[in-house]
Amino acid sequence: MKAVGYKKSLPIEDQDALIDFETAKPEPKRRDIRVAVKAISANPVDYKVRKRAAPPEGETKILGYDAAGVVDAVGPDVTLFKPGDEVFYAGSILRQGTNSEFHLVDERIVGNKPKSLSFAQAAALPLTSITAWELLFDRLGAVPGKSVDPRTLLITGGAGGVGSILIQLARRLTGLTVLATATRPESQKWCLDLGAHAVIDHGRPMKEQIEKLKLPPVALVASLTFTDQHYKAIAEFMAPQGRFGLIDDPPEFAMSAFKGKAISVHWESMFTRSSFQTPDMIAQHHLLNDVSDLIDKGVLRTTLDQTFGTINAANLKRAHALLESGKSRGKIVLEGW
């Protein structure tokens, strides 16, 4: 089968940063399903792994987590899917990735593809939807339901992949006031179109901008990017006993900034359940099915922004380069071989 991978951790400008190669089609065991991959999307975790985790000498590591495709074969213990089913999912960080024609994944972290979406549109959703859902409901403890919630949720980096779905989930499924941050005018408009009540510029002091808006107190914060640059300022204007959640890798982060207000700090990693085979691992199967239903009912929409052509090394290098620049909006998808 065709695949895209890397042998050494190299800058994305290097000719061999990502390479096209062929490898054996994997065989499903236990609860694995084998998926014929139709479309994939690129995420920041792709380039972070490429830059930090060189494969063992002589091996080629396949990147990629998001995928949408068709079940091709199933392991002996599979009960949730059968060959021919259309699925979408975000894979495991411990296994070979989705940048391959066929891919093995545990059925417990796979959902049924939204019927109303193409494979490309569906491939944009899994990793960011799981991250946003777990961050909002499992970590920050937001209450699902449209009853009025007298609190504001601040989402820093609202136009990125996770922010684009988190804005929708918070606006459509909770009574929170949703405040997003974005610097460029087109990114600010993107956030408003997705449902944010208001948008501020995180390149300028946030406290003054928030005070002018006269919103409910900022009790929940989803820090999606540049946490090290913003968390101290956020701690100053957050409501006491609030919840601060983050997903990035800040080089500097002192939780003591939140102590005086008894603000709790929560990390979100959507790979935790699959990496540690947690007892509630199947929650991601149910979560993705819920997202699929909400898409088909018109409550949520895909966050696909750009398609970069077929799945190959050249096009994936373009996707990695754009993600590394920090200027992407929504999701980048590649489709077909």
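Along the sequence shown, residues carry numbers from 1.
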Cut-off 3.5 Å, no hydrogens considered: what does the side-chain donor-acceptor table look like for residues 235-242, sequence neighbours left out?
none

In a table with atom names and distances, give each donor-acceptor pair under 3.5 Å that connects a side chain of residues 124-144 to protein atoms at least two apart or in another chain.
from	atom 1	to	atom 2	distance (Å)
Thr128	OG1	Leu125	O	3.3
Ser129	OG	Leu125	O	2.7
Thr131	OG1	Leu127	O	2.8
Glu134	OE2	Arg273	NH1	2.7
Glu134	OE2	Gln284	NE2	2.9
Arg139	NE	Glu268	OE1	2.8
Arg139	NH2	Glu268	OE1	3.3

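Once rounded to the nearest 0.5 Å, the distance linking NE2 of His266 with CZ of Arg243 reads 4.5 Å. The CD atom of Gln96 sits 10.0 Å away from the CG atom of Leu104 when rounded to the nearest 0.5 Å. In this structure, CD1 in Ile282 is found 12.0 Å from CG in Leu287, a value given to the nearest 0.5 Å. To the nearest 0.5 angstrom, Ser116 atom OG is 13.5 Å from Arg301 atom CZ. Atom CG of Leu288 and atom NZ of Lys113 lie 13.5 Å apart (nearest 0.5 Å). To the nearest 0.5 Å, atoms CG (Leu117) and CD1 (Ile295) are separated by 5.5 Å.
Of all the heavy atoms in Val291 and Leu300, the pair that sits closest is CG1-CD1, 4.4 Å. The two residues Met1 and Ala24 make their nearest non-hydrogen contact at CE-O, 3.7 Å. In terms of heavy-atom proximity, Ile12 sits nearest to His320 at CD1-CB, 3.6 Å. Between Ala123 and Ala68 the shortest heavy-atom distance is N-CB, 3.9 Å. Residues Ser275 and Ile93 come closest through the heavy atom pair OG-CG2, 3.6 Å. Thr183 approaches His202 most closely through the heavy-atom pair CG2-NE2, 3.4 Å.
For the 3.5 Å distance criterion, the side chains of Lys7 and Thr60 qualify, holding a donor opposite an acceptor. For the residue pair Thr227 and Asp248, a side-chain donor N or O sits within less than 3.5 Å of a side-chain acceptor on the partner.
Side-chain N or O atoms of Ser164 include one that pairs as donor or acceptor with a backbone N or O of Ala159 at under 3.5 Å. Side-chain atoms of Asn99 come within 3.5 Å of backbone N or O of Leu63 as a donor-acceptor pair. The main-chain N or O of Ala314 is found under 3.5 Å from a side-chain atom of Asn312 such that the two form a donor-acceptor pair. Checking side-chain atoms of Asn315 against main-chain N and O of Phe308 turns up a donor-acceptor pair under 3.5 Å. Looking only at distances, a side-chain donor or acceptor of Thr156 sits under 3.5 Å from a matching main-chain atom of Leu224. Side-chain N or O atoms of Asp85 include none that pairs as donor or acceptor with a backbone N or O of Val71 at under 3.5 Å. In terms of modelled atom types and a separation under 3.5 Å, the side chain of Glu335 and the main chain of Phe119 share no donor-acceptor contact.
Follow the hydrophobic side-chain contacts under 4.5 Å out from Leu192 and you never reach Ile155; the two are in separate clusters. Val178 and Met206 fall into different hydrophobic clusters, where Ile, Leu, Val, Met, Phe, Trp and Tyr are joined by side-chain heavy atoms under 4.5 Å apart, directly or via other members. By the rule that hydrophobic residues join a cluster once side-chain heavy atoms approach within less than 4.5 Å of another member, Ile109 and Val49 end up as members of one cluster. Following chains of ILVMFWY side-chain contacts shorter than 4.5 Å, one cannot reach Leu215 starting from Leu194, and the two form parts of different hydrophobic clusters. Neither Leu169 nor Val199 shares a network with the other; the hydrophobic side chains, linked directly or stepwise wherever heavy atoms of I, L, V, M, F, W or Y lie under 4.5 Å apart, form separate groups for each.
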*Are Phe253 and Val265 close enough, and set up right, to give a side chain to side chain contact (heavy atoms under 4.5 Å, CB included), and what steps lead you there?*
CA-CA 11 Å; Phe253 184 69; Val265 175; 3.9 Å; yes
*Any chance you could lay out the side chain to side chain contact (heavy atoms under 4.5 Å, CB included) test for Met281 and Thr278, step after step, and finish with the verdict?*
CA-CA 5 Å; Met281 185 170 156; Thr278 60; 4.1 Å; yes
_From CA spacing to verdict: side chain to side chain contact (heavy atoms under 4.5 Å, CB included), Ile210, Leu179_ = CA-CA 9 Å; Ile210 293 171; Leu179 173 63; 3.7 Å; yes
_CA sep, side-chain torsions, deciding dist, call: Ser274, Asp106, side chain to side chain contact (heavy atoms under 4.5 Å, CB included)_ = CA-CA 8 Å; Ser274 58; Asp106 189 300; over 6 Å; no
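The salt bridge (Lys or Arg N to Asp or Glu O under 4.0 Å) pairs that include a residue from residues 59-70 are Asp66-Lys331, where partners are two or more places apart or lie in different chains. Sorted by first and then second residue, the pairs that involve residues 163-184 and meet salt bridge (Lys or Arg N to Asp or Glu O under 4.0 Å), not counting sequence neighbours, are Arg184-Glu186. Residue pairs that meet the side chain to side chain donor-acceptor pair (under 3.5 Å) test with at least one member in residues 16-34, sequence neighbours left out, are Glu27-Arg34, Arg31-Glu107, Asp32-Arg95, Arg34-Asp72. Residue pairs satisfying the ring-ring contact (aromatic ring centres under 6.0 Å, His included) criterion with at least one member in residues 66-114, sequence neighbours excluded, are listed as follows: Phe81-His285, Tyr89-His103.
In summary, of the residues considered (Lys317, Lys51, Arg318, Lys48), a salt bridge (Lys or Arg N to Asp or Glu O under 4.0 Å) with Glu324 occurs for Lys51 alone.
Counting only heavy atoms from C-beta outward, the side chains of Leu213 and Ile200 approach each other to under 4.5 Å. For the pair Leu323/Asp46, no side-chain contact is recorded, criterion being any heavy-atom separation below 4.5 Å from C-beta on. Counting heavy atoms from C-beta outward, Leu173 and Leu294 have side chains that approach closer than 4.5 Å. Looking at heavy atoms from C-beta onward, Tyr47 lies out of side-chain contact with Leu18 at the 4.5 angstrom threshold. Side-chain contact between Val74 and Pro28: absent, with no pair of heavy atoms (C-beta onward) separated by less than 4.5 Å.
Residue Gln15 places its CD atom among 12 or fewer non-hydrogen atoms of other residues, nucleotides or ligands, all under 6.0 Å distant. Within 6.0 Å of the CD atom in Glu208, the count of heavy atoms belonging to other residues, nucleotides or ligands exceeds 12. Environment of CZ in Phe226: sparse, with no more than 12 heavy atoms of neighbouring residues, nucleotides or ligands closer than 6.0 Å.
A cation-pi arrangement is absent between Arg50 and Tyr6 under the rule of less than 6.0 angstrom and at most 45 degrees off the ring axis.
Aromatic pair Phe258/Phe244: centroids less than 6.0 angstrom apart.
Ion pairing between Arg329 and Asp305 holds under the 4.0 Å rule for side-chain N and carboxylate O. Here Lys297 does not pair with Asp293 in a salt bridge; the nearest charged N to carboxylate O distance is not below 4.0 Å.
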